[in-house]
Amino acid sequence: MQRLVYLKNVVTLTLKEDKCNGCGMCLKVCPHEVFGMSGHKAFIIDKDYCMECGACALNCPQDAILVRAGVGCAAALIQGALTGTEPACGCSSRKASCS
Amino acid sequence: MKEKFVTGVSVTAAGAVPVVATRLDPRDYVGILRARLGIRRDSYRIEPGLYAVGSPDERSEILVTSNYKLTFDTVRANIGGLDVWLLVLDTGGINVWCAAGKGTFGTEELVRRIQLASLDKLVKHRRLILPQLGASGVAAHLVKRRSGFTVLYGPVRASDIRAFIGARYRADSLMRRVRFGFADRVKLIPVDFVSGARYVFGAAALFFIAAGISREGFSIQHALESFFPSAVNVLAAYCAGIVVTPMALPYIPVRSFASKGILAGLALTVGLLPFHTLGGTAISVIAWFLFIPGLASFVAMNFTGSSTYTSLSGVKKEMRIALPVQLAFAGIAFILIIADRLF
C-alpha cells in the first residue's frame with residue numbers, strides 16, 4: 001500500500017529502549033506503523049512516519065516514549081499565534097480539519 | 001428518548017437502555033450529506049450514554065465511540081447483526097480522533113461514563129473495545145487502574161470491528177493503519193471549500209478595488225466592467241489549493257503542503273494563459289504568476305489540518321518558510337496589478 005510521508009527529520013519522537021518492557025502497546029495504538037518489536041523490545045522503524053499524535057507515549061505504562069504531541073494543522077497554528085493560545089484543533093468551531 | 005434511530009428499550013440490571021437501529025434511514029443520509037458540506041455540522045450530535053445494538057446481554061462486548069452523529073451512524077451501520085453495547089462519550093459532537101487530540105475523548109470522560117452507565121452491573125466481563133484512534137486521548141493502563149476495565153484498542157475503521165472481534169481482538173496491520181486514499185481526500189473537499197471561502201472573498205474584494213482603479217481615479221462602474229478576469233484568477237488559485245492539491249496530493253513530487261500548493265497554482269496559472277484572464281501586459285501576467293501560486297500555497301498549507309499524516313513539528317517548520325513567501329508573493333502581485341493600471 002502506498003504510504004504518504006511528510007517532512008524528513010522533524011519529528012520529536014524518542015524511545016528509551018532500556019525502559020521498555022515489551023508490552024507492545026505502542027505497536028497497537030500507532031496509526032502509522034512507526035514501531036516494531038524485536039526480542040521483547042520495541043524499536044522505531046522510521047521516525048519520519050510519525051505524526052506526533054501522542055498515542056504511544058500516553059499508552060506506554062513504562063513512560064519509555066517521549067513525543068511533543070500536537071496537531072499538525074497550519075490553521076490551528078495561525079489561530080494560536082493570533083490569539084496567543086496553544087495551537088488546538090478548532091474542530092468545535094467551524095474548522096474544516098476535523099471531519 | 002425521541003431520537004428516530006431508537007427502536008426500543010432493553011431492560012437491564014443497570015437500568016433501561018435504548019436500542020438503536022443498525023440500518024440508516026433517509027434522514028440519516030441527509031444528515032451525512034449536510035455534515036459533509038459543513039452545514040450545521042457543529043450541532044450534529046446525539047445524547048451521550050449507553051445504547052444497545054441487537055439483543056446484548058451480560059456477556060456482550062462494549063464498544064466505545066463519540067457523540068458526533070456522523071461517527072455514531074458509521075459505527076451502528078457497520079455492526080448490524082451483532083449483539084453489543086455501545087457506550088457513547090460526550091465529545092461535544094466531535095469525531096473520535098480530533099476529540100482524542102483535544103482530550104475530550106479521554107481517560108477522564110471514559111472513566112466517568114463507565115460509572116454513570118453502571119457498566120459493572122451491566123456485564124460480567126471487564127473489557128471495553130475502543131477505536132484505535134481514541135488512543136491519543138486515553139491511557140489504557142490508567143483506565144484499568146481507575147475503573148477495573150481493560151481497554152482493548154480495536155481497528156481504526158468501524159468496518160473492521162466485526163473482523164476484530166471475530167479474530168479474538170486481533171487487528172492486522174492493515175486495520176491499524178490510517179489511510180488517506182483518493183476517496184478519503186475527496187470527501188473532505190466540500191467542507192474545506194465552504195469553510196475557507198473567506199479567503200476567496202477577501203482576495204476578490206481587494207482585486208475588485210484594484211479593478212476600479214485607473215489613471216482617472218476610482219470608479220465602481222470601471223470595477224464592475226473589468227473585475228471578471230480577476231475573479232476567475234482568484235477562484236482558480238483557491239481551487240488549486242483546496243481541490244487540486246488534495247486530489248493530486250501523493251503525485252505532487254514535493255513533501256511540504258505549501259510547495260505542493262505552489263506547484264498546483266503554477267500549473268493552473270499556465271492553464272489560464274489561453275483564456276486571457278491574466279491581463280494584456282507582461283506586468284499583469286507576472287503579477288498573476290505570483291498571486292495564484294501564492295494563494296494556492298497558503299490554502300494548500302491549511303490542508304495539513306485535514307490530512308492524516310502531518311506532524312506539529314513539520315507544519316511549524318514549513319510555515320516558518322512558507323508564510324513570509326506567500327505574503328510576499330501576494331503583496332508584490334497586488335502592487336504590480338495596481339501599478340499596471342496607473343502607468
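Note that these values count all heavy atoms, side chains included, but never hydrogens, waters or copies made by symmetry.
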Between B:Lys317, B:Met175, B:Met319, which residue shows the highest count of heavy-atom pairs closer than 4.5 Å to chain A? B:Met319

Go through the atoms of B:Phe298 and report whether side chain, backbone, both or neither lie under 4.5 Å from a heavy atom of chain A. side chain

Over all atoms of both residues, closest heavy-atom pair of A:Cys53 and B:Ser136: O-CB, 3.3 Å

Heavy-atom closest pair (B:Arg255 atom, A:Val5 atom, distance to 0.1 Å) is NH1-CG1, 3.4 Å

Give a yes or no on whether B:Arg127 atom CZ has more than 12 heavy-atom contacts from other residues, nucleotides or ligands under 6.0 Å away. yes

Find out whether A:Tyr6 and B:Glu318 are in side-chain contact, i.e. whether some heavy atom of one side chain is under 4.5 Å from a heavy atom of the other. yes

What's the separation between atom CG in A:Leu4 and atom OH in B:Tyr309, rounded to the nearest 0.5 Å? 4.5 Å

Should we count CZ of B:Phe201 as having more than 12 external heavy atoms under 6.0 Å? no

Quick one: what part of B:Phe180 sits under 4.5 Å from any heavy atom of chain A, side chain, backbone, both or neither? both

Proximal component of B:Ala171, with respect to chain A [non-hydrogen, under 4.5 Å]: neither

Sequence neighbours left out, cut at 3.5 Å: what donor-acceptor pairs do the side chains of residues 66-84 of chain A make with other protein atoms?
{"unit_1": "A:Thr83", "atom_1": "OG1", "unit_2": "A:Gln79", "atom_2": "O", "d": "2.8"}
{"unit_1": "A:Thr83", "atom_1": "OG1", "unit_2": "A:Thr85", "atom_2": "OG1", "d": "2.8"}

B:Ser311 OG to A:Asp48 CG distance, which is reported to the nearest 0.5 Å: 9.0 Å

Using atom types as modelled and distance alone, determine if a side-chain donor or acceptor of A:Asn59 lies under 3.5 Å from a backbone N or O of B:Val138. yes

Tabulate below the donor-acceptor pairs under 3.5 Å that side-chain atoms of residues 24-39 of chain A make, not counting sequence neighbours, or state none.
{"unit_1": "A:His32", "atom_1": "NE2", "unit_2": "B:Thr308", "atom_2": "O", "d": "2.8"}
{"unit_1": "A:Glu33", "atom_1": "OE1", "unit_2": "B:Arg177", "atom_2": "NH1", "d": "2.6"}

In chain order, what residues pass the ring-ring contact (aromatic ring centres under 6.0 Å, His included) check against A:Tyr49, with sequence neighbours excluded? none

Do any of residues 12-23 of chain A come closer than 4.5 Å to chain B, heavy atom to heavy atom, and if so which ones, in number order? A:Thr12

With a 4.5 angstrom heavy-atom cut-off, is it the side chain or the backbone of B:Leu142 that approaches chain A, or both, or neither? neither

